[in-house]
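Report on the following structure.
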Amino acid sequence: MGETTEPSGIAVNQKLDRPSREFTNAHLIGGGIASLASAAYLIRDGGVPGGNICIYEETGVMGGSLDGEGSPEHNYVIRGGRMFTEEAYTCMFDLLSFIPSLTAPGKSVKDEIYEFNARVKSHSHSRLVKNGRKIDASAMGLSNKDRLDLVAIMATSEDSLGARRIEDIFEPSFFKTNFWYMWCTTFAFQPWHSAVELKRYLLRFIQEFPRIHTLAGVRRTPYNQYDSIVLPVTTWLKERGVRFVMEAKVTGIDFTYGPDGKGVERIHYTREDVQHAVGVGPADLVFVTNGSMTAASSLGTMSSPPTLGTKAEGGSWALWEALASDHADFGRPSAFNGNVTESKWLSFTATLRDPTFLKLMEEFTGNTAGTGGLVTFTDSNWLMSAVIPYQPHFINQPEDAHVFWGYGLFPDQEGNFVKKKMSNCTGEELLVELWCHLRFDDHIPLMLKSATCIPCMMPFITSQFMPRVNGDRPLVRPVGTTNIAFIGQYCEIPDDVVFTVEYSVRSAQTAVYSFLKIDKDVSPLYKAHHDVGVLFSSLKTMFH
Ligand SMILES: Cc1cc2nc3c(=O)[nH]c(=O)nc-3n(C[C@H](O)[C@H](O)[C@H](O)COP(=O)(O)OP(=O)(O)OC[C@H]3O[C@@H](n4cnc5c(N)ncnc54)[C@H](O)[C@@H]3O)c2cc1C
C-alpha cells in the first residue's frame, strides 16, 4: 500500500472571519455524536466555516453508537434504545435546540422531542415481572443497611471510593431488591462496575427515585435515535459544508514538540486499502473520540447467534492504545477494554408482521406501545428486559410492521426456558425465552411465523463503567498539549455520568469552548441533590 500525503484533508486554509482566532481547520476523528456535536458547536459558537471541518469515520454510516438501520422488506436493528430526562440532559437539549427537525417542519429537534413526550407520556404499569406476573415495583425492598449504604456512597468522595466496585460497598441482598433491579436495568449497571460511576448516577438521577418504578421521568425520541437525532444533525452539518470522510480508519497521529507543548502535526488514516497522511498545522484543531462502547459489536440472525468480537476489530481501541502507549497523559485504555467478560452484553431487535404480540403485551402491561418502557423479568437468568417503543419506530416503517427491543445483562447464563447461554442463542431462541417469561406460550408458533429477531453482541458495551482511577481517562484538553482534545465517553469530565449522549455532547462543548476561548459557559450540570425537596422525597422512596 502506498501513502498519499495531503497538506490538509479539508478545503483550502480558509481564513476565518474572526481574525483574533488563529485556527484554520478542524479534524474530527470518529463520526459519533461527540464529533457531530463538536462540529455543530464549532460552527454555531465558534463561527468556523463548515468547509473547514472534516469528520473521519471508519464505518459507512455516521452516528456511531446512535444507530438504527433496516428496511421494510427485511428487518430493523437498533443496538440500543435511549432514555433521556429533561432535567439532566442540559448539553444534549442545548444542541438539539438549534437543529431543525426533519419531520416536524418549523420546529427544532428539541421542540419535537418535548412535544412528542407531552403527547406520549411514559408511565409504566409493569416495570417488574416475576413468575409471569407483574409485581408491585413501588416497594423498593431496601433494608436499613441498604439505605445507609446508599447514603454513604453518595456522601463518600471519589478519591476515597477509588477503584472499588459496587459489590464492595453493598450487601449481597441489596442486589436482589426491587430498587436494584430497576436501577441496574434502567442504567445497565452490574455489581462489579465502578462505585464512583454509581455514585455519580445516584446524585445525577436522584430526582428519579420516586418515579423509578413508573419511568415517568424518562423522555424518548419520536423515532429511533438515528432517525430522530443523527439524521437532522448530519443534515444541518452537510448544509453548512462539513466534509464527511467515510470508511476512513484513523490509525495514528504524529506530534511535534514546541515551547507551548506538544501538538498534532499529522493524521494517518486508511481508506479503501490506501494509506493517507493529512498535515495538521499548529493552529488547526484535532478532536479524537477515543474508545467506543459499540466497538466490535456483531449481529446474528433469526437462525444464528452473533459472534464475540475483540478489541482488535476496528480502529477505535487500536488508535487510543497507540496514543496512550506513547503519551502517559492520554489515559489507560486497558482499564476499560481489558475485561470483556465483565463489559459485554447482548441486545436484540425484533420486527413483527403480526399484531398478536403487541396486543398481548398491551393487555399484560396495561401500557400502549411507547408509554411503558422497560419491562424487566426479575427471575430471568439473563436478567432480561424488553421495551415496546412508540410505533412506528423508524421513519420508513410500514404500518403492518412493529419493532421492539430487548436486552439481557447476563449473557453467559443459561436461559430459564431455552437451556442455552444467551450469547449462544439465535434470534428465534431469544424470542421464545421472552415469550415464555410472559407466559405467552400458546401464541408462540403464530407469533414466530412472521417475526425476525436480530441479536447483537456488544463486547464493550459497559466498558465505560469499569472500575477506574484518576488518569485512566485523558482530560478533554490534556495539559501541555496545543491542538488536541479527547471527546466521547472515555475522557475525564468531573461529576458527569458516562453511558449517556449527554456526556459526549458535554465533552464536545468543553473542547470547543476551551479551544476557541469562547466566552460562554458549558451547559450546567444538573444537581438535584442540592435541592432539599428532592432529597426529602428521594429519602422517602428509600423507605417504601
Ligand atoms: C445499547 C445502548 C443503550 C444506550 N442507552 C442510552 C440511554 O438510555 N441514554 C443515553 O443518554 N445514552 C445511551 N447510550 C449511550 C450513547 O448512545 C453513547 O454514549 C453515545 O452515542 C456515544 O457517542 P460517541 O460519539 O461518544 O461515541 P460512539 O458513538 O462510540 O462513536 C464513535 C465513532 O467513532 C468511530 N471511530 C472510532 N475510532 C475510529 C478511528 N480510529 N477512525 C475512524 N473512526 C473511528 C466509530 O466507528 C464510531 O462511529 C446507549 C448506548 C447503547 C449502545
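The main-chain N or O of Gln225 is never found under 3.5 Å from a side-chain atom of Ser228 such that the two would form a donor-acceptor pair. In this structure, Ser423 contributes its side chain and Asp412 its backbone to no donor-acceptor pair below 3.5 Å. Looking only at distances, no side-chain donor or acceptor of Arg353 sits under 3.5 Å from a matching main-chain atom of Asp400. In terms of modelled atom types and a separation under 3.5 Å, the side chain of Glu73 and the main chain of Gly70 share no donor-acceptor contact. Checked by atom type and distance alone, the side chain of Glu502 pairs as donor or acceptor with a backbone atom of Met92 at under 3.5 Å. Checking side-chain atoms of Ser97 against main-chain N and O of Lys110 turns up no donor-acceptor pair under 3.5 Å. The backbone N or O of Gly373 lies less than 3.5 Å from no partner atom in the side chain of Ser124, so there is not a single donor-acceptor pair. Side-chain atoms of Arg439 come within 3.5 Å of backbone N or O of His437 as a donor-acceptor pair. Under the 3.5 Å distance criterion, the side-chain polar atoms of Ser35 are left unmatched by any main-chain donor or acceptor of Gly31. Trp435 contributes no side-chain N or O that, together with a main-chain N or O of Asp442, makes up a donor-acceptor pair within less than 3.5 Å.
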- side-chain contact (heavy atoms from CB on, under 4.5 Å) between Arg147 and Leu150, worked out: CA-CA 5 Å; Arg147 293 177 187 120; Leu150 276 167; 5.7 Å; no
Which is it for Phe98 and Trp236 under the ring-ring contact (aromatic ring centres under 6.0 Å, His included) test, yes or no, and what are the steps along the way? CA-CA 10 Å; Phe98 62 88; Trp236 190 87; 5.5 Å; yes
Passes side-chain contact (heavy atoms from CB on, under 4.5 Å), Arg473 versus Phe336? Steps please.
-> CA-CA 9 Å; Arg473 305 191 293 204; Phe336 306 98; 3.4 Å; yes
Using the side-chain contact (heavy atoms from CB on, under 4.5 Å) rule, take Thr177 and Phe170 through it: C-alpha gap first, then chi angles, then the decisive distance, then the call.
CA-CA 12 Å; Thr177 60; Phe170 293 93; over 6 Å; no
Pair Ile493, Ser507 - check side-chain contact (heavy atoms from CB on, under 4.5 Å), show working.
CA-CA 7 Å; Ile493 302 178; Ser507 70; 3.7 Å; yes
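Between Ala528 and Ile206, the shortest heavy-atom distance links the atoms CB-CG2, 3.9 Å. Closest of all the heavy-atom pairs between Gly366 and Lys134 is N-NZ, 4.4 Å. Between Asn381 and Asn416, the shortest heavy-atom contact is N-OD1, 2.8 Å. The two residues Phe364 and Gly132 make their nearest non-hydrogen contact at CE1-O, 3.4 Å. The nearest pair of heavy atoms linking Ser504 to Ile33 is CB-CG2, 3.8 Å. For the residue pair Cys425 and Pro455, the shortest heavy atom distance occurs at O-CG, 4.1 Å.
The aromatic rings of Tyr390 and Phe116 sit perpendicular to each other, their planes meeting at more than 60°, with 30° as the lower class boundary. Between His123 and His125, the ring planes are tilted. Angles from 30° to 60° get that label. A tilted orientation is assigned to the rings of Tyr89 and Phe205, their planes being inclined by 30° to 60°. The aromatic rings of Phe404 and Phe357 sit tilted, their planes meeting at an angle between 30° and 60°. Between Trp345 and Tyr407, the two ring planes are tilted [angle within 30° to 60°]. Taking the six-membered ring for Trp and thresholds of 30 and 60 degrees, Phe179 and Phe174 have ring planes inclined between 30 and 60 degrees apart.
The number of heavy atoms from other shown groups lying within 6.0 Å of NZ (Lys145) is above 12. Counted within 6.0 Å of CZ on Arg119, heavy atoms from surrounding residues, nucleotides or ligands total more than 12; the atom is thus considered enclosed.
If you check the side chains of Ser122 and Arg211, you find no donor sitting under 3.5 Å from an acceptor. Side-chain contact annotation: Ser523 with Thr90, donor-acceptor N/O pair under 3.5 Å absent. When only modelled atom types and interatomic distance are considered, Gln190 and Glu342 share no side-chain donor-acceptor pair under 3.5 Å. Neither side chain, Glu86 nor Asn117, offers a donor N or O lying under 3.5 Å from an acceptor on the other. Judged by distance alone, the side chains of Asn396 and Tyr76 do bring a donor and an acceptor atom under 3.5 Å apart. Between the side chains of Arg127 and Thr185, at least one donor N or O sits under 3.5 Å from an acceptor N or O.
Put simply, the side chain of Thr221 does not reach to within 4.5 Å of the side chain of Arg82, judged on heavy atoms. In this structure the side chain of Ile153 reaches within 4.5 angstrom of the side chain of Leu202, judged on heavy atoms. Taking 4.5 Å as the limit, every side-chain heavy atom of Thr349 sits out of range of all side-chain heavy atoms of His393. The closest side-chain heavy-atom distance from Thr356 to Lys449 is not below 4.5 Å. Residues Leu539 and Phe209 are not in side-chain contact: their nearest non-hydrogen atoms beyond the backbone lie 4.5 Å or more apart. When side chains are defined from C-beta on, Met154 does not count as touching His529, because their heavy atoms never get closer than 4.5 Å. Using a 4.5 Å cut-off on side-chain heavy atoms (C-beta onward), Arg220 and Val120 make no contact. Trp382 has its side chain out of reach of Glu414: every pair of non-hydrogen atoms, C-beta onward, lies at least 4.5 Å apart.
Comment: Arg468 engages Glu197 in a salt bridge, judged by a side-chain N to carboxylate O separation of less than 4.0 angstrom.
Taking the centre and axis of the six-membered ring of Phe543, the NZ or CZ atom of Lys540 falls outside the cone set by 45° and 6.0 Å. Annotation: cation-pi pair Lys311/Phe460 absent, no NZ/CZ under 6.0 Å from the ring centroid and within 45° of its normal.
Checked against a 6.0 Å centroid threshold, the rings of Tyr201 and Phe465 count as neighbours.
Of the inter-residue distances, the one linking Cys453 atom SG with Leu431 atom CG reads 4.0 Å to the nearest 0.5 angstrom.
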